[in-house]
Protein chains: 2
Amino acid sequence: MIDREHLYLRLAVDLAILTVRDDALQALVITRANEPFRGRPALPGGFLRGDEDIDEAAVRELAEETGLDGTALHLEQLRAYGAPGRDPRGRIVSIAFLAIMPDLPLPTAGSDASSAAWVPVERVRGTLSFDHDEILDAAVERARTRLEFTTLATTFCGPSFTIGDLRNVYEVVWGHPLDPRNFSRKVIGTPGFVEPTGERRIPEIGRPAALYRAGTEKSLNPPIMRG
Amino acid sequence: MIDREHLYLRLAVDLAILTVRDDALQALVITRANEPFRGRPALPGGFLRGDEDIDEAAVRELAEETGLDGTALHLEQLRAYGAPGRDPRGRIVSIAFLAIMPDLPLPTAGSDASSAAWVPVERVRGTLSFDHDEILDAAVERARTRLEFTTLATTFCGPSFTIGDLRNVYEVVWGHPLDPRNFSRKVIGTPGFVEPTGERRIPEIGRPAALYRAGTEKSLNPPIMRG
DNA sequence: ACAAAAGTGTTCCTTCTACACCCATGA
DNA sequence: TCATGGGTGTAGAAGGAACACTTTTGT
């Protein structure tokens, strides 16, 4: 075997971190503090270190950018991006991840980022550095199909939520309204999707709603139809 | 930016190449010609070169191992495997691919492989080098769900096939029988799944069956239920 | 009383499922 | 005419879609 064929390169992880905030699907976008693309928006990410697995690198980067423990949240590999020339610094292959979070305040601004902020994905479209627009598109599409077939939507919510909150997640991610009555029945009638806490939430106006927490079931079948 | 943090490594692509052959789901397994694991079974694969994208490397490796043009077949990224120590040669991260082929003769034995052969996945289980057992498991599970939601099963068949041939693919991959009559109706009633060629195949015994080729539709909705 | 959001009941329709039955061919 | 696999008809069950209607709160 000829060693010339063996290309040495650097491996990065890039994170598409999504949340539902102000009735919009938003992504965590940083402003780059270093070249290349200094001062331009990008997805958070960083280089793989010598002693860690790829998923560990993703969890570490998530913690560095958001201060949150990624092991409790949804973190999933999307795919590898490795077009020659996708990074001006040289041959860098990136493993893209999808991360789902509830709408929590961001405790820290990361080291490599001069700022980190939630931005609606509709506004981010077409503005990102490297091939991060493509990564974000893939992440959003993956999240959309995950809502159909898994209980992932509960990860967008906090520790307790109403069926209306959960429906709002679906409506925002899918971009169209759902029938509240059929949705309610479907969710409550699916064993392991949600569990009642016994508490209720009293809104400013209207009938109080029962509160639920995420159940133990992870997959949905039959799925929730996207309409 | 501290350069010590940037790990340089080599990137490999590994291919789980599946076919349906002799009423069994089989994988293309090579016997390694070089260290490490010389003489042991493994999935075909190789290192990324400097001028190619990851998917191009997968197509190239598929051609080298099977002599077939991968652009016409189904080739799909599974995920990256990068545990430190997964390869005794050093830090090597591998992008795993799923490839689907009809049951064709294998024209060539590859350069890095002393032999390449189809082996039923049930017999391969637990015998492969590196973390290739894990990769193959992921590939089989991905193929199973792809049959539900896409027209991928036609890729297992040749250029023309009967509905019975197609059903056999489903039965072998899923591991349980399907109702021939309902299956027939479902496939023929799904626009774009299959197109009649006008030809018929006369079997040794029994009624001749109409021949079809793959249609243009790639996704199935509603899906074919796995039972 | 009214607005607003939570939830229930009911009807219609599509699709899956199971199985009875008919069709076309070679031996 | 029989065995074998290809293909159609049809009745029942299950679940989705649509929507009328009731419930529970604050103002």
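Every chain is numbered from 1 and lettered A, B, ... according to where its sequence line falls, protein lines coming before strand lines. Nothing here was measured: the structure is a model prediction, and the numbers come from that model. Below, each value reflects all heavy atoms present in this structure, side chains not excepted, and no hydrogens, waters or symmetry copies.
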> Would you kindly give the CD-to-C1' distance between B:Glu204 and D:dG6, to the nearest whole Å?
17 Å
> To the nearest Å, how far apart are B:Leu220 CG and C:dC16 P?
11 Å
> Determine: side-chain N/O of A:Arg181 to OP1/OP2 of D:dA17, distance under 4.0 Å, yes or no.
no
> Expressed as a whole number of angstroms, how long is the span from B:Tyr212:OH to D:dG6:P?
11 Å
> What is the distance, rounded to the nearest whole Å, between atom CD1 of A:Ile202 and atom P of C:dA4?
19 Å
> Please examine the side chains of A:Tyr212 and A:Thr154, heavy atoms only from C-beta on, and report whether any two atoms are closer than 4.5 Å.
no
> Given C:dA18, C:dA24, D:dG7, identify the nucleotide with an atom nearest to the side chain of B:Pro208.
C:dA24
> Is it true that A:Asp22 and A:Arg123 have a side-chain N and a carboxylate O under 4.0 angstrom from each other?
no
> Which of these passes side chain to side chain contact (heavy atoms under 4.5 Å, CB included) with A:Phe97: A:Val59, A:Leu62, A:Asp55?
A:Asp55
> Which one, C:dT17, D:dG7, C:dA6, comes nearest to the side chain of B:Met225?
C:dT17
> Is the closest basic N to carboxylate O distance between A:Glu64 and A:Arg60 below 4.0 Å?
yes
> If you assign each of B:Ala209 and A:Pro223 to its closest nucleotide in DNA chain D, which residue comes earlier from the 5' end?
B:Ala209
> Please report, rounded to the nearest Å, how far the P atom of C:dA6 is from the CZ atom of A:Arg201.
10 Å
> Figure out the CG/C1' separation between A:Asp179 and C:dA5, and round it to whole Å.
13 Å
> Could you tell me whether A:Arg200 contacts a base, only the sugar-phosphate backbone, or nothing, with contacts defined as non-hydrogen atoms closer than 4.0 Å?
sugar-phosphate
> Could you tell me if the side chain of B:Met225 sits less than 4.5 Å from the side chain of A:Pro222, heavy atoms only?
no
> By nearest atom, which of the nucleotides C:dA5, D:dC19, D:dG5 is closest to the A:Asn182 side chain?
D:dC19
> Compare all side-chain heavy atoms of A:Lys218 with those of A:Thr151 and state whether any distance is below 4.5 angstrom.
yes
> Is the phosphate of D:dG6 approached by B:Arg167 (side-chain N or O, under 4.0 Å from OP1 or OP2)?
yes
> Look at the side-chain N and O atoms of A:Arg185 and state whether any lies under 4.0 Å from the OP1 or OP2 oxygen of D:dA17.
no
> Have A:Ser219 and A:Glu217 got a donor and an acceptor in their side chains that come within less than 3.5 Å?
yes
> Taking N or O atoms only and anything under 3.5 Å, show me the protein contacts with nucleotides 1-3 of chain C, one pair per line.
none

> Check every atom of D:dA18, C:dC23, D:dG16 against the side chain of A:Pro222 and return the nucleotide holding the closest atom.
D:dG16
> Strictly below 4.0 Å: does A:Lys186 bring a side-chain N or O up to OP1 or OP2 of D:dG16?
yes
> For B:Phe183 and D:dG5, what is the distance between atoms CZ and P respectively, to the nearest whole Å?
17 Å
> Roughly how many Å is it from CG in A:Leu178 to P in D:dC19, rounded to a whole number?
15 Å
> Considering the options B:Glu141, B:Gln77, B:Glu76, which one meets the side chain to side chain contact (heavy atoms under 4.5 Å, CB included) requirement together with B:Leu98?
B:Glu76
